[in-house]
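Right, one structure below, let's go through it.
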Amino acid sequence: MAKTETDVNHVPFLPTRFTSRFTLDEWHLDNQFRYRCSEAQRELSDRLLAEATLACESAKEIVKANKEETDHRLLEKLNDIEFRKGELLRIRKDGVLEIDALSVYRERITDVLKSVKRNALAICEKCLVARERRLGIDLVHDDVERSLLKEREVIQGAESLLGRVLKETREQIRKLKATLYHIDQDLVNKESNLRIDRRNVTFKETDFNLSVHHDTSRLDQSVVELNEWELQTNSNVIDANKEVNKAKQLRCYIDTIIKQTIDDLARQKDVTNKALRQRIEQTREAKTKLELQHSEVIKQIIVMTSNITHIKKSMADKEGYMALAHTRLGHRCQRPGIELTQDLVEANLVKEIHELRNVAANLQRMLCEAEASLRFLLKTQIQLEENINVKTNTLKIDEVECMTLRQSMDYHAY
C-alpha cells in the first residue's frame with residue numbers, strides 16, 4: 001500500500017549508516033509505523049477479498065444466466081427452423097406431386113394431339129383428296145364435302161387449342177421446378193443451420209474443443225436481418241403454394257378442354273359420317289335407277305334392232321311387187337295399134353305402182369326413224385354405262401375408301 005502524506009510527515013528520522021545508535025523514541029515510532037502499515041494492508045486485502053468474492057459470485061450468476069438465455073434462444077431457434085423446415089418439406093411434397101400430376105396431364109395432351117394431328121386430320125385430308133377423284137357430275141360440292149371441310153376446321157382449331165394448353169402446361173412445370181429449386185436451396189441452408197445450432201446446444205463450458213475469438217474483426221458476422229430471414233422462407237412457401245394452386249387449376253382446365261375437344265370432334269365426326277352415309281345411299285339409289293334404266297334401254301335396243309330388220313325385210317319384199325308392176329306395165333306398152341288402150345288393167349297397174357311407191361316411202365321413213373331411234377338408244381346406253389361407272393367410282397370412294405378410313409378415327413377420353 002502506498003504511503004499517505006500524513007504517514008510521510010510522521011516518519012522518524014533514520015540515522016545514516018554511520019550512526020551506530022537510535023533513540024528510544026525512534027524505536028517506538030518505527031514500531032508504530034510498521035503496525036499501522038500492516039493494519040492498512042490487511043484492511044485493504046480484506047476489502048479486496050470481499051469485492052473479489054462478490055465479483056466472482058456476480059460473474060457466475062451473469063454467465064449462468066447468459067448461458068441459460070442463449071440455450072433457450074438456441075432451442076427456440078431450432079424449433080423455429082424445424083417448423084419452417086417442415087413447412088418447406090410439406091409444400092415441396094405438394095410441388096413434387098403436382099409436377100408428377102402435370103407430367104401425366106402433359107402426356108395426355110400429347111396423346112390427344114397425336115391422335116388429332118396424325119390420325120383425325122390425316123384421315124380427313126385423305127377423304128378430301130380421295131373425293132377429288134370423283135368423276136363427271138358426281139364431282140359436286142355436297143354435304144359430305146362441306147362436313148369434311150368443317151371437320152378439318154374443327155380439328156385444326158382443336159390442334160391449335162391443345163398446342164397452347166401444352167405450352168402452358170410445360171411452362172407451369174418449369175415454374176414448379178424453379179420453385180422447388182429455391183425450396184431445396186432453403187432446405188439445404190436450414191439443414192446446415194440446424195446442424196450448426198444442434199452442435200452449439202451440445203457444447204459445455206468444460207469442453208476441450210472450445211476457442212476464443214482473438215481477431216480484431218467484429219464478433220457478429222451476420223448481415224441478414226431476422227425479418228429478412230423469415231421473409232425469405234415465407235416467400236418461398238407462398239410462391240410454392242401459388243404455383244401449386246395454379247397447377248391444380250390448370251389440371252381442371254385441361255380436363256375441361258380435353259373433354260370439350262373430344263366431344264366437339266366426336267360430334268363433327270358423327271355429322272360427317274351421317275352425311276357420308278346419306279350420300280352413299282343417294283348414290284346407290286341413283287346407280288340402281290340407272291342400272292334399271294340401262295336394262296330397259298338394252299331391251300328396247302333389241303326390240304328396235306328387230307324392228308329395223310323387219311322394216312328392211314318388208315321393204316325388200318315390196319321391191320318384187322314394184323318390179324312386177326313395172327314389168328307388166330312395160331310389156332303392155334308394146335301392144336300394137338288400137339290395142340294400146342287405157343283400160344282398167346293399165347289404170348290398176350298405175351295405181352298399184354303409186355301405192356307401192358307410197359308404201360316404200362313410208363317404210364323408208366319408218367326405217368330412218370327406227371335407225372335414228374336405235375342410234376339414240378345406243379348413245380343413251382353408253383351414257384348410262386358411263387353414269388353407272390361414275391356412280392360405281394363414287395361408291396368405291398365414299399363407301400370403301402372414306403368409310404373404311406373413318407372407322408379408324410377414334411376419339412376417347414385420354
Side-chain angles (χ1 to χ4, degrees), residues 97-134 138-176 243-284 394-414:
L97 292 175
E98 207 55 47
I99 288 176
D100 293 339
L102 269 184
S103 298
V104 173
Y105 274 70
R106 180 185 59 193
E107 296 302 319
R108 287 179 61 196
I109 299 173
T110 303
D111 291 340
V112 176
L113 269 174
K114 288 179 180 178
S115 175
V116 169
K117 187 173 182 179
R118 297 182 182 178
N119 183 25
L121 184 59
I123 290 174
C124 183
E125 294 285 357
K126 286 179 181 179
C127 289
L128 285 169
V129 171
R131 298 192 90 244
E132 289 298 317
R133 299 199 309 271
R134 291 173 296 167
D138 277 20
L139 191 59
V140 61
H141 184 60
D142 53 9
D143 290 340
V144 177
E145 185 171 350
R146 283 187 286 270
S147 296
L148 283 170
L149 291 173
K150 178 64 176 178
E151 186 174 61
R152 183 173 64 181
E153 181 182 343
V154 172
I155 292 172
Q156 290 173 341
E159 181 184 349
S160 176
L161 176 60
L162 291 171
R164 291 196 301 271
V165 174
L166 180 60
K167 185 177 179 181
E168 291 179 13
T169 304
R170 288 171 176 167
E171 177 63 18
Q172 188 60 40
I173 291 175
R174 186 197 65 77
K175 288 182 179 179
L176 282 170
E243 297 304 328
V244 167
N245 290 332
K246 284 183 179 179
K248 290 179 179 179
Q249 293 174 0
L250 180 59
R251 287 196 291 115
C252 293
Y253 176 68
I254 291 172
D255 283 331
T256 303
I257 289 298
I258 290 179
K259 184 180 184 305
Q260 178 181 341
T261 300
I262 295 301
D263 289 345
D264 291 344
L265 291 172
R267 189 181 303 111
Q268 185 58 43
K269 171 192 169 185
D270 292 339
V271 169
T272 304
N273 286 347
K274 181 179 179 182
L276 194 57
R277 284 191 294 268
Q278 289 178 347
R279 187 59 180 166
I280 289 170
E281 187 61 33
Q282 291 173 355
T283 305
R284 184 182 289 110
T394 301
L395 283 174
K396 178 178 178 294
I397 291 171
D398 286 350
E399 187 172 20
V400 178
E401 293 185 33
C402 292
M403 288 304 291
T404 302
L405 278 172
R406 296 184 65 80
Q407 285 177 1
S408 59
M409 187 182 287
D410 183 27
Y411 298 119
H412 59 276
Y414 288 87

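Keep in mind the model is a prediction, meaning the values are calculated, not measured.
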Return all side-chain donor-acceptor pairs below 3.5 angstrom for residues 160-168, not counting sequence neighbours, or 'none' if the list is empty.
residue : atom : partner : partner atom : Å
Ser160  : OG   : Arg164  : NH1          : 3.0

Inset, instruction - Report yes if the side chains of Glu399 and Thr404 come closer than 4.5 Å at any heavy-atom pair, otherwise no. - result: no

Inset, instruction - Could you tell me which non-hydrogen atom of Ala247 sits nearest to which non-hydrogen atom of Leu176, and how far apart they are? - result: CB-CD1, 3.9 Å

Inset, instruction - Starting at CD1 of Ile397, measure out to CD of Glu132 and round the result to the nearest 0.5 Å. - result: 9.5 Å

Inset, instruction - Can you measure from CG (Asp111) to CZ (Arg106) and round to the nearest 0.5 angstrom? - result: 11.5 Å

Inset, instruction - Check Thr169 against Leu102 and note the closest heavy-atom contact, atom names and distance. - result: CG2-O, 3.8 Å

Legend entry - Check: Glu98 and Glu243 side chains under 4.5 Å, non-hydrogen atoms: no

Legend entry - Under the side chain to side chain donor-acceptor pair (under 3.5 Å) test, residues paired with Arg146 that sit two or more places apart: Asp143

Inset, instruction - From the options Arg131, Arg279, Arg277, select the one residue that forms a side chain to side chain donor-acceptor pair (under 3.5 Å) with Asp398. - result: Arg131

Inset, instruction - Tell me, please, which residues at least two apart from Lys114 pass salt bridge (charged side-chain N to carboxylate O under 4.0 Å, His left out). - result: none

Legend entry - Residues that Glu145 engages under salt bridge (charged side-chain N to carboxylate O under 4.0 Å, His left out), provided they are two or more places apart: Arg134

Legend entry - Trace of the salt bridge (charged side-chain N to carboxylate O under 4.0 Å, His left out) decision for Arg267 with Asp270: CA-CA 5 Å; Arg267 189 181 303 111; Asp270 292 339; over 6 Å; no

Inset, instruction - Mind checking salt bridge (charged side-chain N to carboxylate O under 4.0 Å, His left out) for Asp263 and listing every partner two or more places apart, or none if nothing turns up? - result: Lys259

Legend entry - Lys269 side chain vs Met409 backbone, donor-acceptor pair below 3.5 Å: yes

Inset, instruction - For Lys274, enumerate each residue passing the side chain to side chain donor-acceptor pair (under 3.5 Å) test, keeping only those at least two apart in sequence or located in another chain. - result: none

Inset, instruction - Could you give me the CA-CA distance, side-chain angles and deciding distance for Gln249 and Ile254, then say whether side chain to side chain contact (heavy atoms under 4.5 Å, CB included) is met? - result: CA-CA 9 Å; Gln249 293 174 0; Ile254 291 172; over 6 Å; no

Legend entry - Shortest non-hydrogen separation from Arg284 to Leu395 and the atoms involved: N-CD2, 3.9 Å

Inset, instruction - Measure the spacing between CG of Asn119 and CG of Leu113 and express it to the nearest 0.5 Å. - result: 13.0 Å

Inset, instruction - Could you tell me the separation between the CG atom of Leu148 and the CG atom of Leu276, rounded to the nearest 0.5 Å? - result: 7.0 Å

Inset, instruction - Could you pull out all residues at least two apart from Asp255 that satisfy side chain to side chain donor-acceptor pair (under 3.5 Å)? - result: Tyr105, Arg108

Legend entry - Partners passing side chain to side chain donor-acceptor pair (under 3.5 Å) against Glu159 (at least two apart in sequence or in another chain): none

Legend entry - Rounded distance [0.5 Å steps], CD in Gln260 versus CG in Leu265: 10.5 Å

Legend entry - Reported CD-to-NZ distance for the pair Gln172 and Lys246, which is rounded to 0.5 angstrom: 6.5 Å

Inset, instruction - Using a 4.5 Å cut-off on heavy atoms from C-beta on, say whether the side chain of Val244 contacts that of Lys248. - result: yes

Inset, instruction - Would you please test Cys124 and Ile155 for side chain to side chain contact (heavy atoms under 4.5 Å, CB included) and show each step? - result: CA-CA 9 Å; Cys124 183; Ile155 292 172; 4.2 Å; yes

Inset, instruction - List the steps, then state whether side chain to side chain contact (heavy atoms under 4.5 Å, CB included) holds for Arg406 with Glu151. - result: CA-CA 12 Å; Arg406 296 184 65 80; Glu151 186 174 61; 2.7 Å; yes

Inset, instruction - Could you tell me which residues satisfy side-chain contact (heavy atoms from CB on, under 4.5 Å) with Thr256, sequence neighbours excluded, listed by chain and number? - result: none

Legend entry - Residues forming a side-chain contact (heavy atoms from CB on, under 4.5 Å) with Glu171, sequence neighbours excluded: Arg174, Lys175

Inset, instruction - For Glu153 and Gln268, run side chain to side chain contact (heavy atoms under 4.5 Å, CB included): C-alpha distance rounded to whole Å, both residues' side-chain angles, the deciding distance at 0.1 Å, then the answer. - result: CA-CA 10 Å; Glu153 181 182 343; Gln268 185 58 43; over 6 Å; no

Inset, instruction - Taking salt bridge (charged side-chain N to carboxylate O under 4.0 Å, His left out) as the test, write out the residues that go with Arg170, two or more places apart. - result: none

Inset, instruction - Under the side-chain contact (heavy atoms from CB on, under 4.5 Å) rule, collect the residues that match up with Lys126, sequence neighbours excluded. - result: Leu405

